[in-house]
Amino acid sequence: MSMRRIAGRLGRPVGTLCGLGLLWWGIVRLGGVPPYLLPPPGAVGRALWAQRGLLAGAAGTTLLETVLGLLLGTLGGGVLALLMMASAPVRRWMMPLVLLSQAVPVFALAPLLVLWFGFGIASKVVMAVLVIFFPITSSFFDGLRRTPPGWLDLARSMDARPGLVLLRLRLPAALPAFASGLRVAAAIAPLGAVVGEWVGASSGLGFLMQTANTRFETDLMFAALLVLATMTVLLWWGVDRALARMLYWVPDDRSD
């Protein structure tokens with residue numbers, strides 16, 4: 001990749017961030033917003049530097065919870081989608097439960113999960129799993145059902161076994177849809193971990209934001225929020241790049 005293309009790709013997000021920062025500064029400076037409601041960007045930057053050790057430790061806890069939840073949710077959702085594709089009874093019994101996992105608000109489940117799994121990492125991992133379970137399962141199952149009919153007709157004409165059809169035809173055809181669900185999961189998995197930390201925790205970015213809010217340390221709260229946003233973007237980018245390398249045969253229509 002040429003330096004011009006790299007500069008072009010980096011220039012757009014950097015320009016966007018600079019524009020948002022300028023807008024933020026203008027709202028605070030020209031609008032007369034009190035610092036305890038919306039601190040200026042400079043105050044948040046100073047909090048980022050002064051509390052960098054605290055923020056790094058909290059980010060490490062939240063990242064661990066997020067990654068474990070993403071791994072377990074992806075594994076569980078993928079296995080369930082395969083089982084529902086292979087067995088009609090499993091599909092009839094499990095599909096309502098998959099829909100129910102999305103229908104119940106995560107904020108309603110968070111206190112119960114903390115009660116059942118404690119204030120440690122387990123409740124936050126379970127919360128992250130619940131948040132990503134629906135997009136993973138639904139996208140993968142939909143991809144398995146959308147195998148090109150010509151492929152299936154050819155397999156039937158050759159008397160291929162159902163297990164072989166699933167492994168050799170349906171699974172490769174469903175991987176792009178599965179990748180789309182995984183990208184969505186990577187973007188929303190931190191939400192589950194942070195919600196769990198808000199309800200009950202002793203560490204993590206969510207716990208830090210809640211503690212800073214009760215102490216009216218709004219600059220520290222915004223600093224933690226920026227760290228969380230940066231971590232989420234980097235996680236999504238890492239998953240997206242890994243999927244692009246693994247699914248190299250899928251055309252990439254994104255413009256530079």
Side-chain angles (χ1 to χ4, degrees), residues 1-21 48 52 55-82 121 124-125 127-144 146-147 167-195 204-206 223-256:
M1 184 181 296
S2 65
M3 293 299 297
R4 185 175 181 178
R5 291 183 62 187
I6 294 175
R9 288 190 173 185
L10 291 178
R12 287 190 291 269
V14 170
T16 301
L17 291 176
C18 291
L20 291 175
L48 276 170
R52 58 189 181 278
L55 289 166
T61 300
T62 302
L63 180 61
L64 177 61
E65 296 163 353
T66 300
V67 171
L68 288 177
L70 186 61
L71 292 175
L72 294 177
T74 301
L75 178 62
V79 170
L80 181 57
L82 288 171
I121 191 175
K124 287 70 179 176
V125 172
M127 181 63 67
V129 169
L130 289 177
V131 167
I132 71 169
F133 194 76
F134 180 79
I136 291 290
T137 307
S138 61
S139 62
F140 193 26
F141 180 65
D142 187 60
L144 290 170
R146 295 182 181 273
T147 306
L167 181 63
R168 297 293 180 87
L169 295 182
R170 291 190 182 275
L171 184 58
L175 286 179
F178 176 71
S180 298
L182 187 55
R183 290 185 179 96
V184 173
I188 64 176
L191 172 65
V194 170
V195 168
L205 289 173
L225 184 60
L226 287 177
V227 171
L228 176 63
T230 303
M231 185 184 73
T232 302
V233 170
L234 291 178
L235 180 62
W236 180 90
W237 181 83
V239 170
D240 179 65
R241 290 296 86 199
L243 290 172
R245 288 183 176 273
M246 289 187 291
L247 304 180
Y248 56 87
W249 67 89
V250 179
D252 188 356
D253 295 331
R254 291 172 296 182
S255 61
D256 293 335

Can you measure from [atom1] ([X]) to [atom2] ([Y]) and round to the nearest 0.5 angstrom?
X      : Y      : atom1 : atom2 : answer
Leu68  : Leu72  : CG    : CG    : 6.5 Å
Asp142 : Thr137 : CG    : OG1   : 12.0 Å
Leu226 : Leu55  : CG    : CG    : 9.5 Å
Phe133 : Thr74  : CZ    : OG1   : 10.5 Å
Thr230 : Leu235 : OG1   : CG    : 12.5 Å

Of the non-hydrogen atoms in [X] and [Y], which two are nearest, and what is the gap between them?
X      : Y      : value
Ser139 : Gly181 : OG-CA, 3.3 Å
Thr66  : Ala193 : OG1-CB, 3.8 Å
Leu228 : Pro190 : CD1-CB, 4.1 Å
Ala179 : Leu243 : O-CD1, 3.5 Å
Val227 : Ala59  : CG1-CB, 3.8 Å
Ala186 : Leu70  : N-CD1, 4.0 Å

Please name all residues satisfying salt bridge (charged side-chain N to carboxylate O under 4.0 Å, His left out) with Arg52, sequence neighbours left out, ordered by chain then number.
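Not a single residue meets the salt bridge (charged side-chain N to carboxylate O under 4.0 Å, His left out) criterion with Arg52.
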Close side-chain approach of [X] to [Y], heavy-atom, < 4.5 Å:
X      : Y      : result
Ile136 : Phe178 : yes
Ile188 : Pro135 : yes
Phe140 : Leu182 : no
Thr61  : Ile121 : no
Phe141 : Leu82  : no

For the pair Thr62 (side chain) and Leu205 (backbone), establish whether a donor and an acceptor sit closer than 3.5 Å, ignoring hydrogens and angles.
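Checking the backbone N and O of Leu205 against the side chain of Thr62, a donor-acceptor pair under 3.5 Å is found.
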